[in-house]
Protein chains: 2
Amino acid sequence: MPLTGGPGRGGHAAPGTGAPVRRRGIPDATVARLPVYHRVLTSLAERRVGVVSSDELARASGVTSAKLRKDLSHLGSYGTRGVGYDVEYLVYQIARELGLTQDWPVVIVGVGNLGHALAGYGGFASRGFRVVGLLDADPVRIGEVVVAGGEPVVVRPLADLEALVAECGVTIGVIATPAAAAQPVCDRLVGAGVTSILNFAPAVLVAPPEIGIRKVDLAVELQILAFHEQRKLGPAAVTA
Amino acid sequence: MPLTGGPGRGGHAAPGTGAPVRRRGIPDATVARLPVYHRVLTSLAERRVGVVSSDELARASGVTSAKLRKDLSHLGSYGTRGVGYDVEYLVYQIARELGLTQDWPVVIVGVGNLGHALAGYGGFASRGFRVVGLLDADPVRIGEVVVAGGEPVVVRPLADLEALVAECGVTIGVIATPAAAAQPVCDRLVGAGVTSILNFAPAVLVAPPEIGIRKVDLAVELQILAFHEQRKLGPAAVTA
DNA sequence: TAGATTGTTAATCGATTAACAATC
DNA sequence: TAGATTGTTAATCGATTAACAATC
């Protein structure tokens, strides 16, 4: 886990100058790409690569080097001209920017196939997300032990939600229930104090504006793929 | 399934005029939102709503009415001034644009938790995607019967891939294997004639440029959520 | 006709790109 | 110093927004 490695280099910000240090306001488009850079950098670090150029990193991430440098410039000046970027250092800076150097306790509500898949998804634990609770409304699922992020987690009844959120300081909830259960679960999560919700259920959730909600529709990408596939096959076939 | 309803109104394009009919080139940002409109419209149709205004549809979709009208204008003039949009008609036009009026046979490779979740995901079947094959490399999984889109589908060995793709005319493959298996499976799908691949495995796939690949990272959205959550809590807590 | 709502226009905004001066 | 590569600038491109003429 190389995320904890410190700077190891000096003076990259403007510490005491009265100048406007910018900060805040990283473009959304950049934020959406940071996880990609982070993943690529992590895999480079695992392969003991010490330094990358913007050109190499961009190619591996599927973007242009101009875009990559522009993106990174929003975080600060973390590269070395004529040399490139120190992999460990950059992976740490991106992780810090994304908030991955913090511990994020999450609960997953709904432990069907998707809930199991999410709990077992390696990408969660490796990025600082810790599954502290698996909750389900179905009595037959209660008590099952699921390995999430290398740790055994027992499936608990939905009734435990409020206590669990309070006890572990949970701020992020993941909904993986059937559509009908999603809104009530959302309401209870919000009531319990959760402030960000990731929704995998095929339902549009309503919550107070201060709650951050993101919806993942597993079929959207498939539809976009079909759209492009149709274009490839030629539109004439469709208009017929 | 109201997708098959025809126009029921006349003359919405420019049939025989020599004028440039535009066509092609719907902005990517618009294409990405069409599935959202489609889903909302489908649910309106189920509730027997006949007509919606851009204002209502926009609100239900989480966009502004100006953006919605702009988006729809790229497809054609399918509304009625002073009235709104005929729900059935518009849902059909969007479905046609996305290619959802065609039958899309898909194979899912990897029938673990995620493969099961995808196979059972209602959003696939209702949008014209038909799971014609579930394939797995693990012998113990072979023979299991999974219900996908209301139809029973038997899990078959990976060896059947090429025959299945040829037999059913499969053009879209879904990869839900562990990371290590993803690239070999991708290669075989491409070799078998598949031209679009949806990748849920935590691996970056390489394929010829004419192959359409989209990657779904189940953790990316969680990271973006954490980013905003961190901002909410105040950046001071981080810089400390 | 009066009221409502679309489809389009023009202005604004944000993101991408190419080029290059700064600098290791 | 010469070569390499960043960080930034300015130009371009695409997307969003607000307003309104067209029209049902």
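From a predicted model like this one, the values you see are computed outputs, not experimental measurements. Lettering of chains follows the sequences in order, A, B, ..., and the numbering in each one begins at 1.
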Review point. With sequence neighbours left out, which residue pairs that include part of residues 54-67 of chain B fulfil the salt bridge (Lys or Arg N to Asp or Glu O under 4.0 Å) condition?
Key: B:Asp55-B:Arg59
Point to revise | Stems where DNA chain D pairs, listed by first number, each of three or more Watson-Crick or G-U pairs under 3.5 Å | key: C:3-24 with D:3-24
Revision key, fill the gap. So the side-chain hydrogen bond (donor to acceptor under 3.5 Å, both in side chains) pairs with at least one residue in residues 172-184 of chain A (sequence neighbours excluded) are A:Gln183-A:Asp187
Review point. Can you list the residues that meet the ring-ring contact (aromatic ring centres under 6.0 Å, His included) rule with A:Tyr121, with sequence neighbours excluded?
Key: A:Phe124
Review point. Side-chain N or O of B:Tyr78 less than 4.0 angstrom from OP1 or OP2 on C:dT5?
Key: no
Review point. B:Arg81 CZ to C:dT6 P: how many Å, rounded?
Key: 10 Å
Review point. For A:Ser54, what residues pass the side-chain hydrogen bond (donor to acceptor under 3.5 Å, both in side chains) criterion, not counting sequence neighbours?
Key: A:Arg69
**Study point:** Separation of C:dT5 P from B:Leu68 CG (nearest whole Å)
**Key:** 14 Å
Review point. Going by heavy atoms closer than 4.0 Å, what residues in residues 47-62 of chain B are next to DNA chain C?
Key: B:Ser53, B:Ser54
Exercise for review: Using the test side-chain hydrogen bond (donor to acceptor under 3.5 Å, both in side chains), find all partners of B:Arg81 that sit at least two apart in sequence or belong to another chain.
Suggested key: none
Distance-only check: which donor-acceptor pairs under 3.5 Å involve side-chain atoms of residues 200-209 of chain A, not counting sequence neighbours?
none

**Study point:** SB check A:Arg231 B:Glu97 (cutoff 4.0 Å)
**Key:** yes
Revision key, fill the gap. Correct closest heavy-atom pair for A:Ala182 and A:Ile175 would be O-CD1, 3.8 Å
**Study point:** Contact letters for nucleotides 9-20 of chain D, in which S counts primed atoms plus P, OP1 and OP2 and B counts the base, heavy atoms under 4.0 Å
**Key:** B-----SBSBB-
Check your understanding: To the nearest angstrom, how far is A:Leu90 atom CG from D:dT6 atom C1'?
Key -> 12 Å
Practice item. Please list, chain by chain and in numerical order, all residues satisfying side-chain hydrogen bond (donor to acceptor under 3.5 Å, both in side chains) with B:Asp103, sequence neighbours excluded. Key: B:Arg130
Practice item. Please list all pairs passing the salt bridge (Lys or Arg N to Asp or Glu O under 4.0 Å) test where one or both residues lie in residues 200-222 of chain A, with sequence neighbours left out. Key: A:Arg214-B:Glu221, A:Asp217-B:Arg39, A:Asp217-B:Arg127, A:Glu221-B:Arg214
Point to revise | Rounded distance in Å - CG (B:Leu75) to C1' (C:dT6) | key: 14 Å
Practice item. Please determine if a side-chain N or O atom of B:Tyr85 lies less than 4.0 Å away from the OP1 or OP2 oxygen of C:dA4. Key: no
Point to revise | All side-chain hydrogen bond (donor to acceptor under 3.5 Å, both in side chains) counterparts of A:Asn199, not counting sequence neighbours | key: none
